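First comes the structure, then the notes that go with it.
Here is how names work: the chains are called A, B, and so on, in the same order as the sequence lines, proteins then strands, and each is numbered from 1. All of these numbers come straight from a predicted model, not from anything done at the bench. When reading the values below, keep in mind they use all heavy atoms of this one structure, side chains included, and skip hydrogens, waters and symmetry mates.
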Amino acid sequence: MAHTERRDAPGLPDFSLLKRLARDQLIFLLEQLPGKKDLFIDADLMSPLDRIANVTILKQHEVDKLYKVELKPIASSSDQLCFLIRPRIQTVKWISDLVNSDKVAGRFRRYKIIFTPQKFYACETVLEEQGVYGDVTTDEWNFYILPLDDDILSLELPEFFRDNFLEGDQRWVTTAGSALHLLQSVYGSFSKVYGIGRCAKMVYESWRELMEEGEQRTRQPEFAKVFLIDRDVDFVTPLCSQVVYEGLVDDIFRIKCGSVEFGPDVTSSDKSIKVMLNSQDKVFNEIRNEHFSNVFGFLSQKAKNLQTAYDKRRGMDIQQMKAFVADELKGLKQEHRLLSLHIGASESMMKKKTKQDFQDLLKTEHSLLEGFEIRECITHIEEHINRQVSMIDSLRLLCLLSITENGLLSKDYKSLKAQYLQSYGIDHLLTFANLRQLGLLEEQQAGETLTVMESKVGKLVTDKTVGKLTDAFSSLAKKSNFRALSKRLALVPKSGEEYDLRVPRDMAYVFSGAYIPLSCKLIEQVLERDGWTGLEEVTRMLNGQEFAVTGGSSSSDARNKTDAQRIVLVMFLGGCTFSEISALRFLGRERGCRFIVVTTAITNSARLLEALLENGA
Amino acid sequence: MTRAKPEDDEYWNSSKFKAFTFDDEDDEFSQLKESKRAVNSILVGDDDDDEDDVERVSWSGEPVGSISWSVKETASSIRSGSEQSFPKIDTTPSLSKQGSGYSLSSLFKAKSKPGAFQSFSESFSDTSSRTYAPELRKPKSEGKDFVSDLSPEETVRRMQKGRAFSLEKFRSLQDKLLLLDEAVAVYDGNIITAVLIFLKKSLSKEILFRELMARDVALRHYVHYLKEMGEQKLLVELLKALGRTEDMALMHYKEHLNIKDEGRRRDFLKSCLSLPFSQDDATHVQDHYTLLERQIIIEASDKKADGEIFKKFPRKASILNMPIITTLYYSCFYHYGESEGTFSSPSNIRKTFRISEKQYILTALGARAKLRSWFDVDSLFNTKNWLGYTKKRSPIGFHRVVDILHKNSAPVNVLQEYVNLIDDPDLKLSGALKYKCHDIVINIYRDLKDRQQLIVYREKLERDSPEYRKIQQLLNNVQIRWKN
């Protein structure tokens, strides 16, 4: 429990600087529109904004009223409207309509759009097409990175996943590159970069371009290594049920931008409480990485200690009591409050998770990972669908089945799909099309569908281009090779072995000892080998796209043997789960290094799949 | 622009006056601003207004040289790069630049490149500042085109930086495609889309579609752009032209989600039936149409229905747009026992949508148990053999049946009956323990001759209850040969 850090673990850089930079830039931008103004904020920007500024700061810069962007007619009577939004066409269309209706009504206002983290040409084209370009001024707030915790940095761009992997739109590539560049400018350079995945390569290139343009200044590096990884390299991990405390809290209560709302069932009162979940919360910090089965015992021990601490009051004289109240009581009360919250949360999770259904779900997941009793798994999934329980869970199991088995037998695919559509709505046809395109849920003989595609295209274009097309399409319909990868990298420990979750022996503990996250295992292997040598077979099964780049003079640089050499930055393109973060923290403790996770967003199975739904359900 | 003439290039690259190339825009910033002003003043009064606009305002929307622009430029130049620059990695295999290899202009490109190569990174690193100075000496007529004379590479670079650019000089198809390929080569989706918007406006769609066919990356950006813009018609045309008929059918089908009125939605679904779906999907879409058609009929009559069941359990929501299984559940709830001839009868729905026996039993069980209609529950599982004996059978395990009954708060005597039917002894025992079917538990332990467990179980029971006494009797029975 509460693993003690290795004493020589390096300290982490102070990321609060990033918040300050973002805040200063925002203030600067607000000042560009002098005078009183109403501010409209995209719903998904409100929490990130909360983390770096507050209403007082906004008011100080003459923001009068704050509104959420709802794509509906507005009630503002202000003469100046400022929109703080993500660069989305739909939102810009809405703003254009606002401006045009003001024009019709003969109303004069000033409008300013602040796009964050950057503007897109397509959005400006909308302004132009709608005839409001010039009426509306635009700006960019380069708020690339939000530090969620000491070791978690988020781009807060959940749409990165769908845009990049499903739609094939590379609009966020340069954003990710700029984020890395920002980190480098503020915290110093890196000596080595590894990566795997198409997007990772592109992000690296984009970042390198920025680096080359920048001035070459020497600076003591604060990180040694960077690892870039595409989410589609490992879909299995985010599809598994999370059983480490922080992941479980995310699965059940949904952590949003580092904070969670505990409902009345947790707080055992009639109101909900919002809590920040990070290393500042001492109780949380000790249990966040623990397997759930250990958490309850820990919390009750903690409660006993707390009682003892309170009990010290007995027999105190006035002086001692005074000191106690002054020094300890506040801390104890704080701890008391946190403890009761986490106990409440654990209880509520226990109630949900000890149900037979959840146990069956876990059992099915583990069997799928192991490749064991697949028929039973299919029956179980079928029953899950038939009973119309959680639409997302059913989908998740189907995807896990498909990835681990390299696609479903045609007969199974057809029947499970038909039953799914019967249970959850026929418009999920569209969802299935998306999942298929992404390679998450496929019918076996993927080659066959490919051939159909080719021959159709072949009629229209020359042979040469067909070859190229095949390449492009096959990268979408790639095989997962999970079974072989799992064997090669020993991701699934031999069954039957006892696994003591109290004393984890490897990263598999984050999945009850049943599976080591593929993403984290890759990171471990590459860092250990200082490259991809010896992993050729693995990368081939992962569709190649790996790289390792060394900065020119790092190896000769002996003085770099500082703490910085043991800080590794891992960037997940398309999202990362709390289970992966926990696994990396574990790895860091084992190896005496620290991992900093940079992710486009925190994800979990529900978010991942919800991003792929098409029917707006 | 400046680099058009090789001699000029030669001069600027070799001259000892190299400082004047404004390599470091930060230091030479004030000079740059002056030159910029000078350039602008030359351009004022130009008869081509449109171009004027493009030239003066940078893409980031601010006039180049404004305070905000300068702050931003200053900020971006305060960078601390590393000593070492990282090498480029080979990203070509999967993202090969397609199609342009054979074009005429690429031949020219190949020719002119070696000369420009040594200054490659320099000349790109800051085009804006470097291009202005020499511009000053040029006559007005030439100065006019200073941003529209750039190569595809330079143009894309300027677009990335948010600087002034013009796409108008890319008029030949080859030039347009070179521009597109360049945008793809720098992996910047924003720029790829920007170029595509330009191509959309300046090429006929047939030509654009044809060229996109061989450019997958650009194609996907285009498809996504059209989706976001809601240009459904064009999108369908594009997919059709690409031969991606199934995608096209799905894209068309998706439209139904935007239709709120159920009658119009039904009609739209009907119109989808002729689309080229895959065989399976065609069946599903047919089902979708049939389902909504039925739901509309059922809804119309049930809305004003006043039967006993509707009074006792008023409907909480309309049945429109619910999944098939929900509809089946609904019909098992409100229309159980209707003859197969009616659209709302469970058997009709079951037959129409080819619902499996297992799924049917599961759904009907849930609905009838909810109504506490144990007789119906019973008859769901009763089968008569040829001798006329009834026997209970279930396509789903009886432990599941018990589960569902329990969730619908069935009384113990009903539960007990079904727990007894569980085949697997372990499941049976755990079911009996869970649902407190004491008799069954006791019988199981008795059959297992497990004296210890009986003693343990006795303690959980109320003293002198019939179950308690039953255990007592068993324990006192000397006939039984206990195993422990």
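No donor-acceptor pair under 3.5 Å is formed between the side chain of A:Arg171 and the backbone N or O of B:Ile192. Panel note: side chain A:Lys93, backbone B:Met229; a donor-acceptor pair is recorded below 3.5 Å. Side chain of B:Asn190 to backbone of A:Tyr121: a donor-acceptor contact under 3.5 angstrom is found. Side-chain N or O atoms of B:His221 include one that pairs as donor or acceptor with a backbone N or O of A:Gln170 at under 3.5 Å. Side-chain N or O atoms of A:Gln422 include none that pairs as donor or acceptor with a backbone N or O of B:Ile324 at under 3.5 Å.
With a 4.5 angstrom heavy-atom cutoff, B:Arg400 touches chain A only via side-chain atoms. Neither the backbone nor the side chain of B:Tyr329 comes within less than 4.5 Å of any heavy atom of chain A. If you measure heavy-atom distances from A:Tyr424 to chain B, the contacts under 4.5 Å come from the backbone alone. The contact between A:Ala418 and chain B is made by backbone and side chain atoms together, counting heavy-atom distances below 4.5 Å. Using a 4.5 Å cut-off between heavy atoms, B:Ile197 contacts chain A through its side chain alone, with no backbone atom that close. Within the 4.5 angstrom heavy-atom criterion, atoms from both the backbone and the side chain of A:Ser423 approach chain B. For B:Thr193, the part sitting under 4.5 Å from any heavy atom of chain A is the side chain, from C-beta outward, and nothing else. For a residue to count as touching a neighbouring chain, one of its non-hydrogen atoms must lie under 4.5 Å from one of that chain's; by this rule B:Asp287 touches chain A with backbone and side chain alike.
Options B:Phe353, B:Tyr253, B:Tyr225 differ in how many heavy-atom pairs under 4.5 Å they form with chain A, and the most are formed by B:Tyr253.
For the atom pair CD1 of B:Ile325 and OH of A:Tyr420, the computed distance is 13.5 Å after rounding to the nearest 0.5 Å. Distance CG/B:Leu291 to CG/A:Leu421: 11.5 Å, rounded to 0.5 Å. Atom CG of A:Asp357 sits about 7.0 Å away from atom CG of B:Asp403, to the nearest 0.5 Å.
Put simply, the side chain of A:Glu209 reaches to within 4.5 Å of the side chain of B:Arg157, judged on heavy atoms. Looking at B:Ile396 and A:Arg387, their side chains never come closer than 4.5 Å, going by heavy atoms from C-beta outward. In this structure, the side chains of A:Gln419 and B:Lys358 stay at 4.5 Å or more apart for every pair of heavy atoms.
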